[in-house]
Amino acid sequence: METPPDDSAESEKVAVFNDAVRNPELGPNDVRIVSTDNVLVLSLIGDTVRMQLSDSLRNSVGSEITKDVGAKGDSGGIGGLIAKSVAQVVTGAMGFVVRVPASEVENLRFENGHIRFETRNSDSNVKINGDSNRNAVFAEEDARRFIDAVNKRAQRKIAM
């Protein structure tokens, strides 16, 4: 299970977790948006921006792995067991969540369907799909709502 970030200097970085809590409840003024292709989920939960692959993508990949082995005539027996095991490992590995404190996000913007931002005080910059021909396109209304919420949360944290 994910450990909530604390206020120490160590929490002021981009962090990657294998998160057992895939979709935590939204609190007041929290936001969750999903890319138009249902692949990427962005959330603002409390003072933390979360980025993760959607459960539907993870489940689809796992199903494809299992189906590919079944199509080759070995859906049962040891081949089926291996396929199911590989599917579980792959979908589990895809269960990562990238977390960034909202106060670390800067230059958050919406460009051509994509949400882009950088982090301050870190060697890590987060760019969510810089190629306009790829996935992770967001509806403008959702993107603006997310950006406004993150900016407000970051300002509140900085003012404290």
Side-chain angles (χ1 to χ4, degrees), residues 1-65 86-160:
M1 191 173 281
E2 176 181 11
T3 307
D6 61 22
D7 291 328
S8 69
E10 199 60 38
S11 69
E12 296 298 318
K13 297 180 180 172
V14 175
V16 179
F17 295 87
N18 196 340
D19 195 350
V21 181
R22 294 285 305 154
N23 296 303
E25 271 190 49
L26 295 178
N29 302 313
D30 288 349
V31 176
R32 180 176 295 123
I33 63 172
V34 180
S35 61
T36 58
D37 60 359
N38 200 32
V39 168
L40 187 65
V41 179
L42 298 180
S43 304
L44 175 65
I45 308 289
D47 290 333
T48 303
V49 173
R50 296 169 50 103
M51 295 165 270
Q52 65 193 59
L53 298 175
S54 71
D55 290 340
S56 63
L57 173 67
R58 293 173 55 234
N59 293 336
S60 173
V61 169
S63 294
E64 284 298 315
I65 291 170
V86 169
Q88 287 175 341
V89 169
V90 170
T91 57
M94 292 173 64
F96 66 90
V97 175
V98 177
R99 295 188 327 187
V100 181
S103 60
E104 288 296 298
V105 174
E106 64 180 14
N107 197 16
L108 182 60
R109 62 200 181 279
F110 180 70
E111 295 177 354
N112 301 321
H114 303 285
I115 296 174
R116 299 174 192 249
F117 65 90
E118 297 167 356
T119 58
R120 66 178 109 246
N121 302 323
S122 175
D123 294 335
S124 303
N125 285 329
V126 180
K127 293 184 178 139
I128 302 169
N129 249 353
D131 182 349
S132 61
N133 296 321
R134 301 178 83 184
N135 298 329
V137 171
F138 292 89
E140 185 169 0
E141 182 179 329
D142 288 346
R144 300 275 181 221
R145 187 168 45 92
F146 178 78
I147 289 168
D148 288 345
V150 172
N151 285 336
K152 285 177 186 171
R153 203 69 52 94
Q155 299 268 334
R156 184 183 74 183
K157 182 90 174 180
I158 292 168
M160 295 177 117

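Heads up: numbering here begins at 1 and tracks the sequence. Worth knowing before you read on, the calculation uses all heavy atoms, side chains too, and leaves out hydrogens, waters and symmetry mates. The structure displayed is predicted, hence computed values, not measured ones.
Side-chain contact between Phe146 and Val49: present, with at least one pair of heavy atoms (C-beta onward) separated by less than 4.5 Å. Taking the side chain as every heavy atom from C-beta outward, Val150 and Phe117 never approach each other to under 4.5 Å. Taking 4.5 Å as the limit, every side-chain heavy atom of Val41 sits out of range of all side-chain heavy atoms of Leu53.
In terms of heavy atoms, His114 sits closest to Ala136 at ND1-O, 3.4 Å. Nearest approach of Ala149 to Val31, heavy atoms of both residues: CB-CG2, 3.5 Å. For the residue pair Arg109 and Asn107, the shortest heavy atom distance occurs at NH1-O, 2.8 Å.
Atoms CG and CZ, on Leu44 and Arg50 in that order, are 11.0 Å from each other to the nearest 0.5 Å. Rounding to the nearest 0.5 Å gives a distance of 12.0 Å between CG of Asp47 and CZ of Arg99. In this structure, the separation between CD1 on Ile33 and CD1 on Ile147 is 7.5 Å, given to the nearest 0.5 Å. Arg32 contributes atom CZ, which lies 11.0 Å from atom CZ of Arg145 (distance to the nearest 0.5 angstrom). Taking CD of Gln155 as the start and OG of Ser103 as the end, the distance is 11.0 Å to the nearest 0.5 Å.
For Glu140, the salt bridge (charged side-chain N to carboxylate O under 4.0 Å, His left out) criterion is met by Arg144, not counting sequence neighbours. Applying the salt bridge (charged side-chain N to carboxylate O under 4.0 Å, His left out) rule to Asp148 yields no partners; only residues at least two apart in sequence or on another chain are considered. For Asp30, the side-chain hydrogen bond (donor to acceptor under 3.5 Å, both in side chains) partners two or more places apart in sequence, or in a different chain, are Arg153. Glu141 meets the side-chain contact (heavy atoms from CB on, under 4.5 Å) test with no other residue; sequence neighbours excluded.
At most 12 heavy atoms of other shown residues, nucleotides or ligands fall within 6.0 angstrom of atom CG in Asn29.
In this structure, the side chain of Thr36 engages the main chain of Val137 through a donor-acceptor pair within 3.5 Å. At least one donor-acceptor pair under 3.5 Å links the side chain of Ser35 to the backbone N or O of Leu40.
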